[in-house]
Amino acid sequence: MCLGIPGQIIEITDKDNLIAKVDVSGVKRPVNIACIVNDEHPVENCINDWVLVHVGFAMSRIDEEEAKKTLTLLNELGEIQEEIAAMNASQVILEN
Amino acid sequence: MKYVDEFRDPIKAKALFNEIHALKDKIKRVDNKPLQLMEFCGGHTHTIFRYGIEQMLPDWIELVHGPGCPVCVLPMGRVDDCVTLAERPDVIFTTFGDAMRVPGSKKSLLQAKADGADIRMVYSPLDALELARKNLDRQVIFFALGFETTMPSTALTVLQAESEGIENFSLFCNHITTVPTIKAILDSPDMQIDGFLAPGHVSMVVGEKPFEFVAETYDKPIVVTGFEPLDILQSIWMVLKQLAENRCEVENQYARIVAATGNPPGLDAISKVFELREFFEWRGLGSIDHSGVKMREHFSGFDAERKFSVPNIKIADPKSCQCGEVLKGVIRPWECKVFGSSCTPEIPMGALMVSTEGACAAYYNFGNLPELLAKRKQKKLNNDTEESAA
């Protein structure tokens, strides 16, 4: 929960509500980007940003190298599998 | 140094270990006792165990694994409240997966689900909100837990629910706060912490300023720390360096993620939705003033505590369970009477065994179990001998 997981913003799906589609290790899911948007970095500029995603919210912009390092760490801690499983399980609930 | 080659940069890791060793004679220690450094955050605890950092440190440094795992400090009474809410026929109860196996006084959420309650694990509070949109005839409650790291997410979800006028969504708010908890630790008479590693992602939200009191009022060094093994080593070195130079400051080792001012939009959402509780009850630590938040009056329609009746009964931890002493660093996890016997990750009795971020689960999974149990037996023999001699 506290480590978060890196992902890359691929599309802004709901500009008014600041929702983007983010690719997290191959899983694409809606993520709220309110915490990484400001006057200097408006919504339009967020595409392709690497972000640290905590429970569906992008909490920090990171560079690609940091993203890769963090993914390696999460993999070694066994947490990447847990996060991805949680995301997938959540999507199944929503589709039903 | 059996694990050092696993560090992403073994040369840097070795250099840091050498620097740490070299500081030994520059730091004053009371009665030659080991220095106690506390990593507050469960994420740090997990990294420390996974990479064997503790075993690699010299014996004059002891790491105390702090209470920063929200699942681990959840008292049984609150789990009972969750079960009560979840068993209402009109409710869909949603939670992060971590909380499912935490024991309540009668059952865990997992058992309640097996007994027929509609409990669903979600990845995000946003998913709980989506369930509310799709099930207008049901009340969807999200179990909001976690430190400041997860507070912006639940606050923003409530603000979204309000703006859409979704009335069947509410939070069961059990968020806890870091700063009052560190203060309680510093005020506790049986704890002698010499320095702190501050939680990286809590700091990402709240910034550096809230930790200044640790240095200014309590004269202890504190370093905001990242989650890589090298981050942790470097922060330990930074804390020791402050001690050696008689400095007490907030330093930021994790500046690549943590801005000094934190995350303004996140903080803004938190202060809109939440306010401090007078006190919050922790498993093992008891009641700590201002260590939790509740929802502001304005959001009472989204507050499960106000919308439904919640028993809110205080339940004492099982007597044989010593989570509290472990959380305070009074005993090591393997010294607990039930560690590895009646309390295991498969059937946890205490919360520190439930989460992979809990100190007991970490010792169980990454430590040498037979060796630890033998050590406990030896320690008990020594204590018994001492007692009969006295």
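A, B, ... follow the sequence lines: proteins, then strands. Residue 1 opens every chain.
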(Q) Is Leu18(A) in contact with chain B via its backbone, its side chain, both, or neither, using a 4.5 Å heavy-atom distance? (A)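 Neither part; nothing is under 4.5 Å.
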Q: Under 4.5 Å heavy-atom distance to chain B, tell me which part of Leu73(A) shows up: side chain, backbone, both or neither.
A: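 Both backbone and side chain.
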Can you tell me which portion of [X] sits under 4.5 Å from chain A's heavy atoms? Options are side chain, backbone, both or neither.
X	result
Val205(B)	side chain
Ser355(B)	neither
Met121(B)	backbone
Gln160(B)	side chain

(Q) Ignoring hydrogens, what is the shortest heavy-atom contact between Glu79(A) and His46(B)? Give both atom names and the distance. (A)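 That closest heavy-atom pairing would be OE2-ND1, 2.9 Å.
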Q) Between Gly56(A) and Ser124(B), what is the shortest heavy-atom contact and its length? A)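 Nearest pair, atom of Gly56(A) first, then Ser124(B): CA-OG, 3.7 Å.
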**Q.** Derivation of the side-chain contact (heavy atoms from CB on, under 4.5 Å) call for His201(B) and His54(A)
**A.** CA-CA 10 Å; His201(B) 288 156; His54(A) 285 257; 3.3 Å; yes
Q | Pick from Asp268(B), Val122(B), Asn263(B) with the largest number of heavy-atom pairs that fall under 4.5 Å of chain A | A |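 Of Asp268(B), Val122(B), Asn263(B), Asn263(B) has the most heavy-atom pairs under 4.5 Å with chain A.
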Q) Only one of Asp127(B), Leu126(B), Thr94(B) clears side-chain contact (heavy atoms from CB on, under 4.5 Å) with Ser90(A); which? A)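 Among Asp127(B), Leu126(B), Thr94(B), the one meeting side-chain contact (heavy atoms from CB on, under 4.5 Å) with Ser90(A) is Asp127(B).
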Inter-residue atom distance [X].[atom1] - [Y].[atom2], 0.5 Å rounding:
X	Y	atom1	atom2	value
Leu159(B)	Asn17(A)	CG	CG	11.5 Å
Ile257(B)	Arg61(A)	CD1	CZ	11.5 Å
Lys69(A)	Phe227(B)	NZ	CZ	14.0 Å
Leu3(A)	Cys41(B)	CG	SG	7.0 Å

Would one find more than 12 heavy atoms of other residues, nucleotides or ligands at under 6.0 Å from atom [atom1] of [X]?
X	atom1	answer
Asp39(A)	CG	no
Leu136(B)	CG	yes
Glu346(B)	CD	yes

Does a side-chain heavy-atom distance below 4.5 Å link [X] with [Y]?
X	Y	result
Val53(A)	Tyr123(B)	yes
Ile36(A)	Pro265(B)	no
Val55(A)	Pro125(B)	yes

Q. Salt-bridged, Arg256(B) to Glu66(A), with N to O below 4.0 Å?
A.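 Looking at Arg256(B) and Glu66(A), the cut-off is met.
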Q: Apply side-chain contact (heavy atoms from CB on, under 4.5 Å) to Thr157(B) and Phe57(A), showing your working.
A: CA-CA 10 Å; Thr157(B) 303; Phe57(A) 290 73; 3.3 Å; yes
